[in-house]
Amino acid sequence: MFSSAPASSLHPTHPAFGSRRPTLARCRSSLSSSSGAGPPPAANANHLIQTLCASGSLSRAAALLPGLPAPTQRTYESLLQAAARAGDAALAAAVHRRLESDPVFRSDPFLSTRLIDAYAALGALPAARQVFDEAPDKNIFVWNALLKALTLADHGDEALARLADMGRLRVPVDSYSYTHGLKACIAVSASHAPASARVREVHAHAIRRGYALHMHVATTLIDCYAKLGIVSYAENVFAAMPERNVVSWSAMIGCYAKNERPADAIELFKDMLASDADLVPNSITIVSVLNACAGVNALSHGKLLHAYILRRGFDSLVSVLNALMAMYMRCGCLEVGRRIFNWIGRRRDVVSWNSLISGYGVHGFGREAVQVFEEMVQVGLSPSIITFISVLGACSHAGLVDEGKKLFESMMDYSVKPRAEHYACMVDLLGRAGQLDEAVELIQSMHIEPSPQVWGALLGACRIHGHVEYAEMACSRLFDLEPRNAGNYVLLADIYSRAKLNDQVDVLKELLEEHGLEKVPGCSWMEVNKKIHSFTSVDNKNPPVEQLQALIGEFVAQMKNQGYVPDTDIVMYDIEEEEKERILLGHSEKLAVAFGLINTRGGEVIRITKNLRLCEDCHSVTKFISKFTEREIVVKDVNRFHHFRDGICSCGDYW
DNA sequence: TCGTCGAGCA
């Protein structure tokens, strides 16, 4: 990818190390002039501007700049950093212009770096690029600033190209270049080479240049492999490190958390505590483990951690309490989460509010979510990007179309520019409510490129309402954007199947086979006596399954007496009706419900998690079972919670 | 003389 410069080229006379003369010149002049009776006006003005920048009085600082005869490096730096903090692109540009006409500092690499940083923070990538291209003195800091700017703006491919340039131009790369380069591998939006291949390439290069064991590089590697789901590679990097600190341990714990391995996350957390008395977990470590529990509904593990948090005094940290509250809500305990939120009291931050809104949302309490949103605004907090994703999602789960539209339209009042995620929520909201034309119009009106999530929301709505034409439109984009996502093919096949377009179903099945893609098997799991039991639909070898299926069969027979007709349309095999019914009986969620009935006491809530959306048939059967057995059953599917009680589901059959 | 990079929650 990029050739390596010999180590000997890392020498102070190398062009990558900039000259420092201009800075010294101005320092000297400032020193000699201040040796008189008192500081001269220029020194005073420089100092004043720096003070104003630090206190956020930007307009006053900017007004002083034109009249200032000799700005110092520190003055330029203060102005640029303040402009970036305040989001003031005009000020950054004004400082840039002034700098270009300054004979002392115009080629100063330190200020080139600061300019690139400022433009990157302001989202002005073309300007950042221009500063780099025109910088006469490109030292390693200038190069790294460019890599960071490109990666931040999701131009990972360009960052990697520049990294390759560094090799060609014999600019010695350092640990910073590698960390940016690794992040760039993940930040590539569209490319032919998969991200994992790119990461491995940069990893190999880092090994050759002796940087793979560098603490920051290794930690970034763990995180990259974690994000790509290649847990074994992350484990290898972690195992090979000569030293570990709280960040690398947390990264590895986070890797297990991201990849749905809460038991391993907790085990590693225990190893960390046992490994070194001086190694103290911090809030990020705890939050990662809590998140691992929340991700797979491992409530008992989460409770153990709650005890640890109290014992060790971590409950003084709002970020830990936020994660704890999110864990309870994501494990189905909405009320416990609410109590923790109340307990946090005045220390609540935006994350606390967002968590509560999101918690109400996934449990189907849309009105409560909107109410919490309004309270949040009332107490004077500014809703963030995430706040709107949470509250729009809540509206969508509860079918609150008008409220959702109003909130979406109000976003700019809070200076939150709608992103693809917000459009995806809106398309989901409109589409599921049956307003498909409006959903399509919204997509067509987008000022940014619709993401796969946006098209996916449309496709999901088409499945509910049986709209073949729009489904094909969504898939024509999705097959381009996510050629390896089997779910899209399966959804379209399902829509065709319900429309009795069997030839088209066959075409899609062939496409799936051609691409070597497999439908993600349905999997449900539940915790009984601190042990997680999982069930897959295809798993017929497991002996207890027959017993579980027989039990479900009895319920279904009862239901049929009351007029229930199995929803065999969702089985896409060309087989007899009876065989289709047998397949429905084997759905993992039904098996888990049966297992829960047998292995828990009466009156105990049965809590199940499923990796996909609930199917209509499982939904009907679970409603019936909750009434027939007088049991409360809580199912968390990939999108939301369903609380089944007395034959009714909290989603109101709208999900 | 300066200085940049790593882990988390919604």
Side-chain angles (χ1 to χ4, degrees), chain A residues 18 20-21 23-24 27 72-74 77 81 108-114 116-117 120 139-149 151-152 173-184 211 214-224 226-227 234 237-238 241 244-258 265 272 281-292 294-295 317-327 329-330 337 341 348-362 369 372 376 383-391 393-394 421:
Chain A
R20 294 186 174 118
R21 260 175 293 123
T23 321
L24 289 173
C27 277
T72 61
Q73 194 189 39
R74 180 82 194 95
E77 185 188 21
Q81 286 175 338
D108 180 19
F110 178 83
L111 288 177
S112 300
T113 306
R114 288 287 177 260
I116 294 171
D117 286 345
N139 69 9
I140 187 71
F141 292 99
V142 180
W143 276 98
N144 288 342
L146 179 74
L147 296 183
K148 182 183 170 189
T151 305
L152 249 165
V173 294
D174 65 5
S175 65
Y176 295 83
S177 324
Y178 280 115
T179 48
H180 294 311
L182 286 168
K183 281 172 172 276
Y211 276 104
H214 182 282
M215 185 69 92
H216 284 181
V217 177
T219 307
T220 310
L221 275 166
I222 292 173
D223 190 47
C224 285
K227 284 181 177 137
V237 175
F238 185 67
M241 284 185 326
R244 297 168 179 177
N245 63 11
V246 65
V247 182
S248 52
W249 278 95
S250 301
M252 193 59 222
I253 289 170
C255 173
Y256 288 128
K258 282 189 196 81
M272 174 184 173
N282 60 20
S283 63
I284 296 181
T285 324
I286 308 284
V287 168
S288 296
V289 191
L290 278 171
N291 187 33
L317 301 173
V318 175
S319 61
V320 170
L321 291 174
N322 288 342
L324 188 65
M325 139 190 184
M327 183 278 293
M329 290 190 295
R330 289 173 67 195
F341 176 84
R348 287 169 203 143
D349 59 14
V350 181
V351 179
S352 326
W353 288 90
N354 290 352
S355 298
L356 188 66
I357 293 171
S358 166
Y360 277 128
V362 291
V372 173
M376 169 183 181
S384 67
I385 290 169
I386 307 284
T387 314
F388 279 104
I389 294 175
S390 307
V391 75
E421 294 98 308

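Note that these values count all heavy atoms, side chains included, but never hydrogens, waters or copies made by symmetry. Chain letters run A, B, ... following the sequence lines, proteins first, then strands; residues in each count from 1.
When rounded to the nearest whole Å, the span between NZ of A:K148 and C1' of B:dC5 equals 8 Å. For A:F341 and B:dC9, the CZ to C1' distance is 15 Å, given to the nearest whole Å. In this entry the distance linking CG of A:L146 with P of B:dG3 reads 21 Å, nearest Å. Between the CG atom of A:N139 and the P atom of B:dT4 there is a distance of 13 Å, given to the nearest Å. For the pair A:M327 CE and B:dA10 C1', the computed distance is 15 Å after rounding to whole Å. Atom CE in A:M272 sits roughly 15 Å away from atom P in B:dA7 (whole-Å rounding). Rounded to an integer number of Å, the gap from A:D108 CG to B:dT1 C1' is 12 Å. Distance, A:E77 CD to B:dG3 P: 10 Å, rounded to whole Å.
Distances were taken from every side-chain heavy atom of A:F141 (C-beta onward) to each of B:dA10, B:dT4, B:dG6; the shortest belongs to B:dT4. Among B:dA7, B:dA10, B:dC5, the nucleotide with an atom closest to any side-chain atom of A:S355 is B:dA10. Residue A:S358 has its side chain nearest to B:dA10 when only B:dA10, B:dA7, B:dG3 are considered. Listed nucleotides: B:dG3, B:dC9, B:dG8. Nearest to the side chain of A:S283: B:dG8. Nearest to the side chain of A:N282, among B:dA7, B:dG8, B:dC5, sits B:dA7. In this structure, the nucleotide among B:dG8, B:dG6, B:dG3 sitting nearest to the side chain of A:S319 is B:dG8. Residue A:Q73 places its side chain closer to B:dC2 than to any other of B:dC9, B:dC2, B:dA7. Closest to the A:A251 side chain, of the nucleotides B:dA10, B:dA7, B:dT4, is B:dA7. Closest approach to the A:T113 side chain among B:dG6, B:dG3, B:dT4 is made by B:dG3 (side chain taken as heavy atoms from C-beta onward). In this structure, the nucleotide among B:dG3, B:dA10, B:dC5 sitting nearest to the side chain of A:H180 is B:dC5.
Between A:F341 and A:W353, the two ring planes are perpendicular [angle over 60°; tilted spans 30° to 60°]. Using cut-offs of 30° and 60° on the angle between ring planes, the pair A:Y211 and A:H214 is tilted.
Side-chain nitrogen and oxygen atoms of A:K258 include none within less than 4.0 Å of the OP1 or OP2 phosphate oxygen of B:dA7. Put simply, A:N291 has no side-chain N or O that comes within less than 4.0 Å of OP1 or OP2 on B:dG8. Listed pair A:K183 / B:dA7 meets the phosphate criterion, a side-chain N or O lying under 4.0 Å from OP1 or OP2.
Under 3.5 Å, the side chain of A:N245 and the base of B:dG6 form at least one donor-acceptor pair of N or O atoms.
A:H180 places none of its side-chain heavy atoms less than 4.5 Å from the side chain of A:L152. Side chains of A:M272 and A:I253 form a contact here, defined as non-hydrogen atoms less than 4.5 Å apart.
A side-chain donor-acceptor contact under 3.5 Å links A:S384 and A:T387.
As judged by a 4.0 angstrom heavy-atom cut-off over every strand, A:R330 is placed among residues touching the sugar-phosphate backbone only. Across all strands shown, A:D174 has heavy atoms under 4.0 Å from base atoms, whether or not it also approaches the sugar-phosphate. Residue contacts shown for A:N144 include a base, since a base heavy atom lies under 4.0 Å away. Among the atoms of the strands shown, base atoms are found under 4.0 Å from some heavy atom of A:S175. Here A:M325 lies out of heavy-atom contact (under 4.0 Å) with every strand.
Ring stacking holds between A:F110 and B:dC2, with the centres under 5.5 Å apart and the planes within 30 degrees of each other. In this structure, A:W353 does not count as stacked on the base of B:dA10 under the 5.5 Å centre distance and 30° plane angle limits.
Closest of all the heavy-atom pairs between A:A218 and A:V237 is O-CG1, 3.6 Å.
Under the rule for a ring-ring contact (aromatic ring centres under 6.0 Å, His included), A:Y256 has no partner lying at least two apart in sequence or in another chain.
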